[in-house]
Amino acid sequence: MFDQPDFDDHEALHLFNDARTGMRCVIALHSTHLGPGAGGCRFWRYPNTQAAITDALRLSRGMSYKNAMAGLPAGGGKAVLLGGGPAKSAELMGALGRAIESLNGRYVTAEDVGMSPEDMVNIARATRHVAGLPVAEGEVGGTPSPATSEGAFVGMRAGLRRALGREDFAGVHVAIQGIGAVGEGLAERLAVAGARLTLADIDRARADALGKRLGAAVVGAEEIMAIECDVFSPNALGAILNPRTIPALRCKLIAGAANNQLETAEDGRRLHRRGILYAPDYVLNAGGIINVTAQYLGERDPGRVMAQVHGIEQRLTHVFDEAAEEGLPPGEIADRMARRLIGRG
Ligand code: NAI
């Protein structure tokens with residue numbers, strides 16, 4: 001385990017098994033240099049335990065980088081709750097909560113794929129090291145998506161300035177892949193700012209409805225990556241930027257919230273060679289973790305949290321400036337900055 005590439009100097013890797021409820025989970029802690037390892041819990045059915053461990057390791061390292069670049073007093077960690085066993089229940093979440101509690105605050109959980117605010121409430125019965133709990137309208141915390149959409153919007157603006165020399169979105173053509181919780185909020189903000197939108201989602205009815213509401217064009221999910229546009233914004237899946245898709249792109253900027261957009265680091269270099277500016281996903285999509293971490297830390301002023309989310313624009317500008325100065329892909333610059341921040345530069 002210590003020698004496998006994904007281990008990458010993790011501080012700890014925990015496997016929990018609760019015989020009574022059947023709860024099994026992996027909790028990976030990449031770095032607590034800046035604070036407790038913060039990162040959501042994923043509920044997923046993996047082909048085997050090794051695949052779950054690998055996913056937890058990759059995701060927790062990603063959280064170290066994301067939290068460091070967001071300026072948070074938080075390290076990187078991630079939990080993976082193994083699906084395929086008992087269905088989700090209050091008891092299962094209680095067992096997960098006890099596992100988290102046993103780490104004494106070195107790991108703080110929140111929602112990720114397959115987990116809801118209600119699950120967080122059940123986890124919170126066993127531990128206080130949980131964020132993303134439901135809140136009343138206008139309070140800090142709750143679902144992370146609106147803050148992620150807002151951060152993606154200002155992050156895209158930083159890219160627009162660098163790639164198109166534009167300060168505003170009026171008439172800028174943005175193609176959005178995936179209009180779920182984050183993509184929809186982003187599309188709404190862009191429509192208000194006067195962008196020309198083309199939307200796609202595998203749920204065509206959803207795309208058609210949003211297109212109608214915002215006056216946006218809609219294309220099939222298989223077409224969106226190749227349409228001619230100023231900005232391509234991935235907000236659905238990971239690994240979509242790869243040797244098969246990059247040659248067909250006809251955009252100047254890629255700026256979206258989907259996690260792990262580059263299939264490999266080489267794809268970042270491929271985009272760079274094609275003259276397409278890539279906004280590193282984990283810098284641009286940090287709005288949600290900023291919001292849920294603020295809740296965990298007891299911040300009560302939504303204005304201060306929003307100011308932190310808006311800091312994403314400045315941070316990306318900094319990444320783009322250094323990338324231009326050194327002639328390197330922005331993803332490599334962001335990784336380097338993040339590693340320095342966590343004391344591994
Ligand atoms: P979601 O599940 O609400 O939305 C995803 C949307 O993408 C769905 O409407 C789905 O139908 C669509 N989709 C799936 N495959 C597609 C394809 N091949 N082509 C077009 N559309 C497709 O998820 P959410 O929360 O909006 O997250 C979107 C992305 O952003 C994910 O990669 C997620 O990991 C990432 N992210 C989300 C954050 C959040 O606060 N929700 C925070 C940081 C990252």
Side-chain angles (χ1 to χ4, degrees), residues 38-44 55 58-60 62-63 65-67 69-70 72 74 76 78 80 109-117 119-120 131-132 134 141-156 174-189 197-211 216-227 232-242 244-245 248 254-263 279-295 305 309 312:
C41 178
R42 180 164 292 191
F43 181 55
W44 195 254
D55 207 26
R58 286 188 188 157
L59 291 164
S60 81
M63 291 312 300
Y65 287 15
K66 183 188 293 203
N67 294 341
M69 289 299 279
L72 294 172
K78 200 87 183 183
V80 158
T109 201
E111 292 94 338
D112 192 67
V113 176
M115 298 289 274
S116 66
D119 296 327
M120 297 305 120
T143 166
S145 317
T148 305
S149 301
E150 180 71 16
F153 175 71
V154 299
M156 191 184 288
V174 185
I176 304 185
Q177 178 186 51
I179 44 145
V182 175
E184 179 172 0
L186 176 61
E188 286 167 349
R189 285 163 175 79
L197 298 177
T198 302
L199 313 175
D201 197 290
I202 45 170
D203 183 345
R204 178 73 193 221
R206 191 183 164 100
D208 284 337
L210 187 65
V218 176
V219 297
E222 62 299 335
E223 290 168 71
I224 191 78
M225 287 192 76
I227 68 165
F232 170 59
S233 181
N235 296 283
L237 309 170
I240 48 126
L241 301 171
N242 56 52
R244 285 133 3 245
T245 58
I254 298 176
N259 274 315
N260 303 327
Q261 292 164 31
L262 299 172
E263 193 170 83
D281 46 19
Y282 64 85
V283 186
L284 182 128
N285 71 16
I289 190 79
I290 290 172
N291 183 51
V292 300
T293 304
Q295 180 185 35
V305 179
V309 172
I312 290 172

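Since the structure is predicted, the reported quantities are computational estimates derived from the model, not experimental observations. Atoms within a ligand are numbered from 1 in the order they appear, just like the ligands themselves.
Note: no N/O pair closer than 3.5 Å links Asp203 and ligand 1 by distance alone. Of the N or O atoms in Ala181, one or more lie within a sub-3.5 Å distance of an N or O in ligand 1. Between Lys66 and ligand 1, a contact under 3.5 Å exists for no N or O pair. At under 3.5 Å, not a single nitrogen or oxygen of Ile179, backbone or side chain, sits near a nitrogen or oxygen of ligand 1.
Here the closest heavy-atom approach between residue Glu111 and residue Pro144 is recorded as OE1-CD, 4.3 Å. Counting all heavy atoms, side chain and backbone alike, Ala255 lies closest to Leu284 at CB-CD1, 4.0 Å. Across all non-hydrogen atoms, the minimal contact from Val174 to Ser233 is CG1-CB, 4.2 Å. For the pair Thr198 and Val219, the tightest heavy-atom approach, listed with the atom from each and the gap, is CG2-CG1, 3.8 Å. The heavy-atom pair separating Arg189 from Ser149 by the smallest distance is NH1-CB, 3.5 Å. Taking every heavy atom of both residues into account, Ala131 and Gln295 meet most closely at C-OE1, 3.8 Å.
Numbered from 1 in the order shown, with element, the atoms of ligand 1 that lie under 4.0 Å from a heavy atom of Ala258 read 29 (C), 30 (O), 32 (O), 35 (C). Listed by number with element, the atoms of ligand 1 under 4.0 angstrom from any heavy atom of Asn285 are 43 (C), 44 (C). Under a 4.0 Å criterion applied to the non-hydrogen atoms of Ser145, ligand 1 contributes the atoms 40 (O), 41 (N). Residue contact check: Pro144 has heavy atoms under 4.0 Å from atoms 40 (O) of ligand 1.
Here the CG atom belonging to Asn285 is positioned 5.0 Å from the CG atom belonging to Asn259, to the nearest 0.5 angstrom. The distance from atom CD1 of Ile240 to atom CD1 of Ile224, rounded to the nearest 0.5 Å, is 10.5 Å. The line from CG of Leu199 to CD1 of Ile179 is 5.5 Å long, rounded to the nearest 0.5 Å.
Between the choices Asp201, Ile289, Asn260, the shortest heavy-atom distance to atom 8 (C) of ligand 1 belongs to Asp201. Considering Ala207, Gly178, Ala257 only, the shortest heavy-atom separation from atom 44 (C) of ligand 1 involves Ala257. Compare Ile224, Asn235, Thr143, Ile202 by their heavy atoms: the one nearest to atom 20 (C) of ligand 1 is in Ile202.
Taking a distance limit of 4.0 Å, we find that atom 36 (N) of ligand 1 is approached by some protein heavy atom. In this structure, atom 2 (O) of ligand 1 has its sub-4.0 angstrom surroundings free of protein heavy atoms.
By the criterion of a heavy-atom distance under 4.0 Å, the side chain of Leu237, and not its backbone, is placed next to ligand 1. The part of Ala221 lying near ligand 1 is the side chain, judged by heavy-atom distances below 4.0 Å.
Counting only heavy atoms from C-beta outward, the side chains of Ile176 and Glu184 never approach each other to under 4.5 Å. A 4.5 Å side-chain heavy-atom check between Ile289 and Asn67 finds at least one atom pair inside the cut-off.
Within 6.0 Å of CZ on Arg58 lie no more than 12 heavy atoms contributed by other residues, nucleotides or ligands.
Nearest protein neighbour of atom 34 (O) of ligand 1, counting heavy atoms only, is Asn259 ND2, 3.0 Å. Closest to atom 40 (O) of ligand 1 among all protein heavy atoms lies Thr148 OG1, 2.7 Å. When only non-hydrogen protein atoms are considered, atom 31 (C) of ligand 1 lies nearest to Ala236 O, 3.3 Å. Looking from atom 26 (O) of ligand 1 to the surrounding protein, the closest heavy atom is Val182 N, 2.9 Å. Taking atom 4 (O) of ligand 1 as the reference point, the nearest protein heavy-atom neighbour is Gly180 CA, 3.2 Å.
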